[in-house]
Protein chains: 2
Amino acid sequence: MRQASITDVAKKAGVSIGTVSNVLNHPTRVRPATVKKVQKAILELGFVRNDAARQLKAGNSTTVGLILPDASNPFFAEVSKGAEDSANEHDYSVIIGNSSENNDRESRYIQLFHEQRVGGVLISPVRGVAERVAELRQMGISSVVVDREADPTLCCSVSMDDVAGGRLAGRHLIDIGCKHIAFVGGGPEIQQTVDRLEGLRRELGEHPEVTLSVYETEEMNVLAGRSIGEKLGELETKERPDGVFAANDLIGVGVMQGLLFENNVKIPQEIAIIGYDDIDFARSTIVPMSSVRQPAHLLGSSAVELLLSELTDDEHVHRQITFQPELVVRASSSK
Amino acid sequence: MRQASITDVAKKAGVSIGTVSNVLNHPTRVRPATVKKVQKAILELGFVRNDAARQLKAGNSTTVGLILPDASNPFFAEVSKGAEDSANEHDYSVIIGNSSENNDRESRYIQLFHEQRVGGVLISPVRGVAERVAELRQMGISSVVVDREADPTLCCSVSMDDVAGGRLAGRHLIDIGCKHIAFVGGGPEIQQTVDRLEGLRRELGEHPEVTLSVYETEEMNVLAGRSIGEKLGELETKERPDGVFAANDLIGVGVMQGLLFENNVKIPQEIAIIGYDDIDFARSTIVPMSSVRQPAHLLGSSAVELLLSELTDDEHVHRQITFQPELVVRASSSK
DNA sequence: TCCTAAAATTGAATCGTTTCAATTCTAGGC
DNA sequence: GCCTAGAATTGAAACGATTCAATTTTAGGA
């Protein structure tokens, strides 16, 4: 089925194609009566502009590519919503590619987005940030790194201050009177986890009366957390922690299950728990769990703002923005 | 930064632009030595084809638009992965729009995708299926309805057989010896829930010795389920159900929490539980929960296959495909 | 009515690629 | 060397929209 073109509209309205284009793009240059005539013709023909033609001539794209490592992760779902909302406000649209943590797939989306001449790419690289940024720059593609830090002489990036998140959790556990705090989850190969533990350590550094135990896990899931929770619950009461800071919510949920179900530990009375990420899961646990929340929506929208600034402002200077998390206190740490 | 064009490549390789195009699109028409020359020039110039130009001349798009009602729903995340995998195999790509259950936003994405002349649209409409399908047809856009049924004289659709899902759950509960089954969740305004209950009723119809109680909820979340779980746990033992079929996993998790935590009911010994959707949540409950699984990935990939068939096969006949769910048995219903 | 300046409109040229008829090149046979 | 047929290459035309210099129209003043 052939779509109506701008030439058809011009013919039907009895004007030139340049006038139709002006009605579409610069309506103030056209007399109101002519505008009406053209709009009537557009309606009757069901004309919808061909963006390929527009882009080819105009040379500028109104789309931004977003490459996510894991679309089913609620965090990234929220990042993409933030990006879309912000883009929409600027008459840009976001097209999403899902790398599924696969480096080759990520490369493929970069190529595809480049063919489509997207205005820029928002990316949370599967592998090395520096390498990807260098590649994108070499291709002449503007980019913003999401949820990771990048060298601000090369491009913008938006990320979370996980050290601050760790401090928030630590401070809260101390405020509610915890003397023996356990950190559960991950290991040294996950930078975000390392940062969260670092924040906790810094906070405890000002409280020499408070002790810290660290329990690493190979996985960052509920099962891994439950296993540690069982162990903690089996400790003699005076050896148990009275506060647990979990590296993420899944770990936190698992710890809670291990404590509650296997050991009948009272939460938060005997052991308080704080998770990280504030996914829906946290809210829906048997004892609603406190969690450090990352403003994912804001991360997405800020990434778009930075990218659009780079595209439109000749004086644009790259920035590295780090967002502060907030603590959402729920039953698991209320005492 | 100006990107290299096909004219630049032709000049550098010392051939015509038609030859460069043939190297890109019909390499067998070109002598190997010439192919090599052109490819060398492409590499040196970092040439990446401009898809807007290609699409404008060639007239066919290699992208498919996917409009999701809720990107953070794991089900749709999996649908989109299936769609992407299938599209990739056919050298198509999927661009995703997120309507966030907003009808206007859905309209906006349809308009945007139409401007981009996508090959077709995969859509799970926020409102009326028939209305959307009619609109898309009027616009000359091929479409496939996802996770809903559509009139197969108008377009293809892929959906789940929720009645069969309800039968699966019912049969399993009967097989493990349940005599009093409770259905928990939703109400008559949610067709999928109605179908699941219908399936359960059909299965029980062949077992007059088994009784059924229905508990509706206003919301389909964990809290709503927990409230019902508490009520069920408070019933006299001989009035309690011995099997619960939850309308979705969140309800199921909530029922489990209400039974376990408030009433110390033994699961599955006293009451067995089956959820629906098999989200990660189900697997990670205190007693891993059985659940009816929908092949979301297959739904996505089949939708793409149907759409591409429509685009490439002159003899294409629209189909309505309904997928059979499967039951994943876990601890919550193993006895 | 004529003149002038501003408003409004026009349409050729352009964007980068694909297509395909026309042309050129090549290799084998005589 | 000439001829022929098939292989290989060429490049004008076209796709649909935007742009902007050239042209036309309009309205107000004398």
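Below, chain A is the first sequence line, B the second, and so on; all start at residue 1.
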Atom [atom1] in [X], atom [atom2] in [Y]: separation rounded to 0.5 Å?
X	Y	atom1	atom2	result
A:F76	A:L299	CZ	CG	8.5 Å
A:Q111	A:E115	CD	CD	5.5 Å
A:S159	A:E149	OG	CD	4.5 Å
B:L112	A:D91	CG	CG	11.0 Å
B:H26	B:S21	NE2	OG	6.5 Å

| Would A:R108 and B:N88 count as having a side-chain donor-acceptor pair, cut-off 3.5 Å? |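 Yes.
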Could you report the tightest heavy-atom contact between [X] and [Y], atom names first, then the distance?
X	Y	result
A:Q116	A:Q55	O-NE2, 2.9 Å
B:Q3	A:M139	NE2-O, 3.2 Å
A:V23	A:V35	CG2-CA, 4.2 Å
A:S107	A:R132	OG-NH2, 2.7 Å
A:P125	A:G128	CB-O, 4.2 Å
B:K81	A:N98	CG-ND2, 3.3 Å

Atom pair distance, as rounded to whole Å: [atom1] in [X] and [atom2] in [N]:
X	N	atom1	atom2	answer
B:N22	C:dC20	CG	P	11 Å
B:R29	C:dT24	CZ	P	20 Å
B:L24	C:dT18	CG	C1'	10 Å
B:N25	C:dG16	CG	P	17 Å

| query | Should the ring pair A:H318 and A:H316 be called parallel, tilted or perpendicular, given that the plane angle runs from 0 to 90° and is split at 30 and 60? | reply |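 Correct class here is perpendicular.
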| Which residues in residues 52-61 of chain A have at least one heavy atom lying under 4.0 Å from any atom of DNA chain C? |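 The stretch gives A:L56, A:K57 as the residues lying under 4.0 Å from the strand, ordered by number.
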| task | With heavy atoms under 4.0 Å as the rule, sort A:S5 into base, sugar-phosphate or nothing. | result |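 Touches sugar-phosphate only.
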| request: Strictly below 4.0 Å, heavy-atom distances to any atom of DNA chain D: list the hits from residues 31-48 of chain A, or just say none. | output: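 Only A:R31, A:F47 qualify.
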| Can you list, by residue number, the residues of residues 10-20 of chain B that have a non-hydrogen atom closer than 4.0 angstrom to DNA chain D? |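 DNA chain D contact set from residues 10-20 of chain B: B:V15, B:S16, B:G18, B:T19.
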| request: Enter the inter-axis angle for the ends of the helix from C:dT1-D:dA30 to C:dC30-D:dG1 (five pairs per end, rounded to 10°). | output: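 One end axis against the other gives 50°.
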| Span of DNA chain D, from the first to the last nucleotide whose atoms fall under 4.0 Å of chain B heavy atoms |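 Boundary nucleotides touching chain B, in 5' to 3' order, are D:dA8 to D:dG16.
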| query | Looking at residues at least two apart in the chain, or sitting in another chain, which of them share a side chain to side chain contact (heavy atoms under 4.5 Å, CB included) with A:P74? | reply |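 In terms of side chain to side chain contact (heavy atoms under 4.5 Å, CB included), with neighbours along the sequence ignored, A:P74 is linked to A:I279.
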| message | Salt bridge or not between B:R54 and B:D51? Use side-chain N to carboxylate O under 4.0 Å. | response |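 Salt bridge flag = yes for B:D51 with B:R54.
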